[in-house]
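Just so it is clear, the values below take in all heavy atoms, side chains as well, and ignore hydrogens, waters and symmetry mates. Treat the numbers as computed from the prediction; the structure is a model and nothing was measured. Protein chains get the first letters and strands the later ones, always in sequence-line order, with residue 1 at the start of each.
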Protein chains: 2
Amino acid sequence: MTSSSSTSSHTAPLRLGIAGLGTVGAGVIRLLNTNADLVTARAGRPLHVTAVSARDRTRDRGVDLSGLRWYENAPDLVADPDVDVVVELIGGSEGTARAVVEAALAAGKPVVTANKALLAIHGPALARLSAEKSAPLLFEAAVAGGIPAIKMVREGLAADRLLRIGGILNGTCNYILTVMRETGKDFGTVLADAQQLGYAEADPSTDIDGLDAAHKLTILAGLAFGRPVAFNSVHVEGIRRIGALDLSFARTLGYRIKLLGMARMGETGLEARVTPCLVPENAPIAQVDGVFNAVVAEGAFAGRLMIEGRGAGAGPTASAVAADLIDIARGHTIPVWGVQATDTPPLQANPVSAGTGAFYLRLLVEDRPGVIADITAVLRDCGVSLRSMLQHTPEQNDADPYVPLVLVTHQTSEAAMQDAVTRIDGLDVVTDTPVMIRIETD
Amino acid sequence: MTSSSSTSSHTAPLRLGIAGLGTVGAGVIRLLNTNADLVTARAGRPLHVTAVSARDRTRDRGVDLSGLRWYENAPDLVADPDVDVVVELIGGSEGTARAVVEAALAAGKPVVTANKALLAIHGPALARLSAEKSAPLLFEAAVAGGIPAIKMVREGLAADRLLRIGGILNGTCNYILTVMRETGKDFGTVLADAQQLGYAEADPSTDIDGLDAAHKLTILAGLAFGRPVAFNSVHVEGIRRIGALDLSFARTLGYRIKLLGMARMGETGLEARVTPCLVPENAPIAQVDGVFNAVVAEGAFAGRLMIEGRGAGAGPTASAVAADLIDIARGHTIPVWGVQATDTPPLQANPVSAGTGAFYLRLLVEDRPGVIADITAVLRDCGVSLRSMLQHTPEQNDADPYVPLVLVTHQTSEAAMQDAVTRIDGLDVVTDTPVMIRIETD
């Protein structure tokens, strides 16, 4: 038995307390058992789970939990003297998860977490606590699951000035958009199928309304630009309003539709948004389909990089959590934002209306002469110039008085575009809310 | 002046000696100047270049070298007491580059290098020296330029058991194959154009014969499997024999042709080869075009990951070198193969004939009845079963008595395939050496 030996020795086991035994928590235990020799060799010391915390003691989690100390109240696990490192896998930005992480850092114990909401919302405060207490806070699994995106940005690109960071950060949305494109089915049908298959939650709003991607983007942007980003300043749109029609039009135009989280640092400050985007069909990110995630980074020296892989699931997430644990065992820990935390307030992203872009606009309009003239007049009045237009020819015996009309703009100010859309929405000849989608070309 | 202050302090500057001032050496100096504040913040201390070494003192390298000590003989730079870390950017597996790296490690000084040939060939001995002298040896820039592939494998996937590693490891070959596919031009023409554009060396053999990719694969495989791999056991083929015809046939069959380095660890041991491959046109790696590189890794827990970006060039390479320097400044260094070096001899890859695969076989055959029967009889006799066949219909007034014939096999033993190709090559009806290309489907 070595579990009570001093942790100051670099070959003594690193003793872990795991708070949360859902699929990820069980996955971490399974990985540490399966790969024990390999992990010990790479960490330079064994990683032993000594304590766990979860509510239901009776549930079969498919891993052997015998001999582990069990805490029903997760914060109690933090105080266990045989726990050197706390692994928080409960989730959620408040409640027990937050209490456990704060208690561990306050006690000077390193924390590994997969909790994106917690980091996005309380990252600035947790980073300060981590620095004050010299208690490392690692969170590779919080962004893009098994993909070492955080390591890529915070260490691999540490010497470069990053111009942008982002990507496909939510596997549920990417799966739904991929299936919609491939099958032509509508959003509701594909969502219901995804829920049946376990790719979407019973309450899917965190995923499909873009919140989960915004959590991850907030974290990535903080790492890329070396200081925390205010989560509430990130613009968030989800994918509910994307129709099968839009995926079909996008294809006709040579694009695919992806939910992208993207942050750019420019001369006027930070742009940070989660929105559905049209991306050219031959762009690398357009090829990332199904539940896969991808993170794109662009550095002044390194150029454009993309890393893709599984953004969720027990195995990939466990791999990321355990890699963080090896870093802790090796003594390789880095301040949360890659530089020592200061009291600088979080960076505010500019309102999206201050930006520019090219846009896809899909309308449902009355099928009669003069309609296009009315709509293009509004765009002209708002200073928005058109690059192309697509009109859907109705079926011969289609009685629907409305037909879809797609307009693609040149680069324009987003404020002008929003103004134009509001005015177009008010035209009598237009039914339904117009669908406006940003075009990302790089 | 702080250049003489003690290096034991963690805020004292880290003093660098750069051996080799080609485009990469100058790029590193440019990056450290341009990004000085950012690098200092991330490293926790300034990175100062104090000494350089190159033969020609008079050449304008576009960076300010005033105030730096100059050594004409690179190994002398190692002994400079104001050099804490030696950056080797001379290149080549022998001669000065090797002498500088060995001298630095022997003196207990950390080394950062971009030298793939040196690491591939002398990695096992250098890893032992590094361990004996506790002198870190970092080489992120040696594989895939600005892409943090080494960090991804050795740290990001440290907790996982890797099943395979590899990818598009040579930008020159990928550029040539991309242009051949896009333009239909033949290998020689595209190579000459690439040489004019600076994408291929005057003596291109290290790149186009697959040696450079094999160096990188040897390094990646050593990291992935936690022990050095014998460079000489890696099977190497280049792209000289690929014709414009093959790229066109590949397209017809739904594939693209890429030079892949791929290593797999299976029950029978290590498979490691650099060969042109057909990859399905919708596979992520098929989309990586031009001078871009991509590294694919597959872990038992993490699943498949791919990282792509610029594999060469002053900026990307400088970014990788400087990231290594930040790791050294942070005190984050790892044994060469990710685990403490031992005296275990390097791992030998199995001969390729011991493996299996599916293959594309392109022949030039006489255009007369019975030829296909003769060829398919050989395949049948060798136990190779066919999946499909493509015959090029000759132009109406084409006087050439030979026509191309393409055969695609099911999974088969590579030994059987080699046997079949030798016999087919011996048939009177076949002219030119048959072109056999492996099909990679995952």
Exercise for the section: Spell out, as yes or no, whether a donor-acceptor pair under 3.5 Å connects the side chain of A:Arg42 to the backbone of B:Ala158. Expected result: yes
Problem - A:Ile326 CD1 to B:Arg154 CZ distance, which is reported to the nearest 0.5 Å - result: 13.0 Å
Completion exercise
Output for pair (B:Asn282 CG, A:Asp289 CG), nearest 0.5 Å, gives 9.0 Å
Problem - Options A:Gly146, A:Ala283, A:Pro148, A:Pro316, ranked by heavy-atom pairs under 4.5 Å with chain B, top entry - result: A:Pro316
Handout entry: Portion of B:Leu32 that has a non-hydrogen atom of chain A nearer than 4.5 angstrom
Key = neither
Handout entry: Contacting moiety of B:Ile147, where chain A heavy atoms sit under 4.5 Å
Key = both
Fill in the blank from the handout: Closest non-hydrogen contact found for A:Leu305 with B:Gly309 is CD2-CA, 3.9 Å
Exercise for the section: Flag the one option from A:Leu31, A:Leu47, A:Val39, A:Leu38 with the top tally of heavy-atom pairs under 4.5 Å to chain B. Expected result: A:Leu31
Handout entry: Euclidean distance, A:Asp37 CG relative to B:Arg161 CZ, rounded to 0.5 Å
Key = 12.0 Å
Exercise for the section: Please round to the nearest 0.5 Å and tell me the distance separating atom CZ of B:Arg330 and atom OG1 of A:Thr333. Expected result: 10.0 Å
Exercise for the section: Name the region of B:Asn35, side chain, backbone, both or neither, that has any atom closer than 4.5 Å to a heavy atom of chain A. Expected result: side chain
Problem - A:Gln287 versus chain B, the contacting section by heavy-atom distance below 4.5 Å - result: side chain
Problem - B:Ile334 and A:His332: CA distance, side-chain angles, deciding distance, side-chain contact (heavy atoms from CB on, under 4.5 Å) verdict - result: CA-CA 10 Å; B:Ile334 292 184; A:His332 293 185; 3.5 Å; yes
Practice task
Test B:Glu155 against A:Glu155 for side-chain contact (heavy atoms from CB on, under 4.5 Å), laying out the working first.
Solution key: CA-CA 11 Å; B:Glu155 301 175 41; A:Glu155 302 176 39; 3.3 Å; yes
Handout entry: Pairwise side-chain contact, A:Lys151 with B:Met152, heavy-atom cut-off 4.5 Å (strictly under)
Key = no
Problem - B:Leu157 vs A:Ser319 side-chain heavy atoms within contact, under 4.5 Å - result: yes
Fill in the blank from the handout: Turns out that what part of B:Glu308 lies under 4.5 Å from chain A's heavy atoms comes down to both
Practice task
Measure the shortest side-chain to side-chain distance between B:Thr317 and A:Phe301 over non-hydrogen atoms and say whether it is less than 4.5 angstrom.
Solution key: no
